[in-house]
2 protein chains.
Amino acid sequence: MGKQATEMLKGTLEGIVLAILSGQPAYGYEITAWLREQGFSDIAEGTIYALLVRVEQRGLVDVEKVPSEKGPPRKVYSLNAQGREYLEEFWRTWSFLAERLEQLREGGK
Amino acid sequence: MGKQATEMLKGTLEGIVLAILSGQPAYGYEITAWLREQGFSDIAEGTIYALLVRVEQRGLVDVEKVPSEKGPPRKVYSLNAQGREYLEEFWRTWSFLAERLEQLREGGK
DNA sequence: ACCGGTACTCAGCAACACCAAGTAGTTCGC
DNA sequence: GCGAACTACTTGGTGTTGCTGAGTACCGGT
């Protein structure tokens, strides 16, 4: 993906990760791998970890340290009540944006 | 709109403005007013002007100075060939993102 | 003369994603 | 048992972007 994606991801990536966590708890390495599979080929690993630290500090997720069989202990994140609220808000904002853009795409042709 | 919108607009706002210009030429003040009408209530005026300067420097738009009846001269921007190409690319990136998010929204419920 | 609407500019700030490198633990081949 | 490869997280610095707030300037109506 081009560099347009980089800028477009700002703000959206956070929602994406929270949405993933709303399905089931997960840890950084896992999330990164999953995103890569989904086609977000060039998402930097560091980006995800930094994002997770951020949402943790804002109290949107709970963290649990779980020992791993193959490597250092994992930090498993799960969405809490406040995070769910925030995710709802994210979807509202996203819907608004998506609607306007869809309109523009049709009208602009 | 919350501050989630601010971050989500990064990268998207540029596409929005270019999409507007793909319909017909326009000037900054006009674009700002139109966006406000469309519900982008808190888009700062300065933001649009800065964005227009940027896309101009990248050669995505052509500019023409037109005298106004009520105020300083207007800088009327119109999308050129390169800009159209860039806009296409924008739509591709957007589609990709929108698809993944739609999937996530359904799967996550 | 002044205020409100039109129209654009500029300087400084904060947030976010990227990049590069580093730290550590485990497993597997030589 | 030593290094490579994979797992897993951390840290410091960079560039782009949108926001804030103030400033400039031109016009019309009261």
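By convention in this document, chain letters (A, B, ...) are assigned in the order of the sequence lines, proteins followed by strands, and residues within each chain are numbered from 1.
- Using a 4.0 Å cut-off, no side-chain N or O of B:Ser68 falls inside it from OP1 or OP2 of C:dT6.
- Within the structure, a side-chain polar atom (N or O) of B:Arg58 is placed less than 4.0 Å from OP1 or OP2 of D:dT17.
- Closest contact between the side chain of A:Lys75 and the listed nucleotides D:dC9, C:dC8, C:dT6 involves D:dC9.
- Checking side-chain atoms of B:Glu99 against main-chain N and O of B:Phe96 turns up no donor-acceptor pair under 3.5 Å.
- Nearest to the side-chain atoms of A:Ile43 among the listed nucleotides C:dC8, C:dC18, C:dT6 stands C:dC18.
- Between B:Lys75 and B:Tyr49, the closest side-chain pair of non-hydrogen atoms is not below 4.5 Å.
- Atom C1' of nucleotide D:dT20 and atom NZ of B:Lys3 are separated by 16 Å, given to the nearest angstrom.
- We find that CD of A:Glu14 is positioned 7 Å from P of C:dA17, with the value rounded to whole Å.
- Applying the 4.0 Å criterion to OP1 and OP2 of D:dA8, one finds that A:Lys65 has every side-chain N and O outside that range.
- One atom, CD of B:Gln57, and another, C1' of C:dT9, lie 13 Å apart when rounded to the nearest Å.
- Distance B:Phe90 CZ to D:dT17 C1': 14 Å, rounded to the nearest Å.
- Distance from the side chain of A:Lys10 is smallest to C:dC16 among C:dC19, C:dC16, C:dA7.
- Atom CD of A:Gln4 and atom P of C:dA17 are 17 Å apart (whole Å).
- Counting only heavy atoms from C-beta on, A:Glu45 has its side chain closest to D:dC9 among D:dC9, C:dT9, C:dC16.
- A side chain to side chain contact (heavy atoms under 4.5 Å, CB included) with B:Leu79 is found for exactly one of B:Leu18, B:Ile20, B:Val55, namely B:Leu18.
- For B:Tyr29, whose side chain is taken as the heavy atoms from C-beta onward, the closest listed nucleotide among D:dT20, C:dA7, D:dT7 is C:dA7.
- As a whole-Å value, the separation of A:Ile48 CD1 from D:dT11 C1' is 17 Å.
- Side-chain nitrogen and oxygen atoms of A:Tyr49 include none within less than 4.0 Å of the OP1 or OP2 phosphate oxygen of D:dT10.
- Contact annotation for A:Glu30: no contact, since no heavy-atom pair falls under 4.0 Å across all strands.
- Here B:Leu13 lies in heavy-atom contact (under 4.0 Å) with sugar-phosphate atoms only.
- At least one donor-acceptor pair closer than 3.5 Å links the side chain of A:Arg36 to the backbone N or O of A:Ile43.
- Comparing C:dA15, C:dC8, D:dT16 against the side chain of B:Glu7 picks out C:dA15 as the nearest.
- Under 3.5 Å, the side chain of B:Lys70 and the base of D:dC27 form no donor-acceptor pair of N or O atoms.
- Comparing A:Arg54 and A:Glu69 along DNA chain C, the residue whose closest nucleotide (by nearest heavy atom) sits nearer the 5' end is A:Arg54.
- No side-chain heavy atom of A:Leu60 sits less than 4.5 Å from a side-chain heavy atom of A:Leu21.
- Between B:Met8 atom CE and C:dC16 atom P there is a gap of 11 Å when expressed in whole angstrom units.
- As a whole-Å value, the separation of B:Leu52 CG from C:dA7 P is 14 Å.
- Under 4.0 angstrom from either OP1 or OP2 of D:dA8 there lies at least one side-chain N or O belonging to A:Tyr27.
- Of the charged side-chain nitrogens involved, none lies within less than 4.0 Å of a carboxylate oxygen, so that A:Arg84 and A:Glu89 do not count as a salt-bridged pair.
- In this structure, the nucleotide among C:dC18, C:dC16, C:dT6 sitting nearest to the side chain of A:Leu9 is C:dC18.
- Using a 4.0 Å heavy-atom criterion, one finds that B:Thr47 contacts the bases of the nucleic acid, with or without backbone contacts as well.
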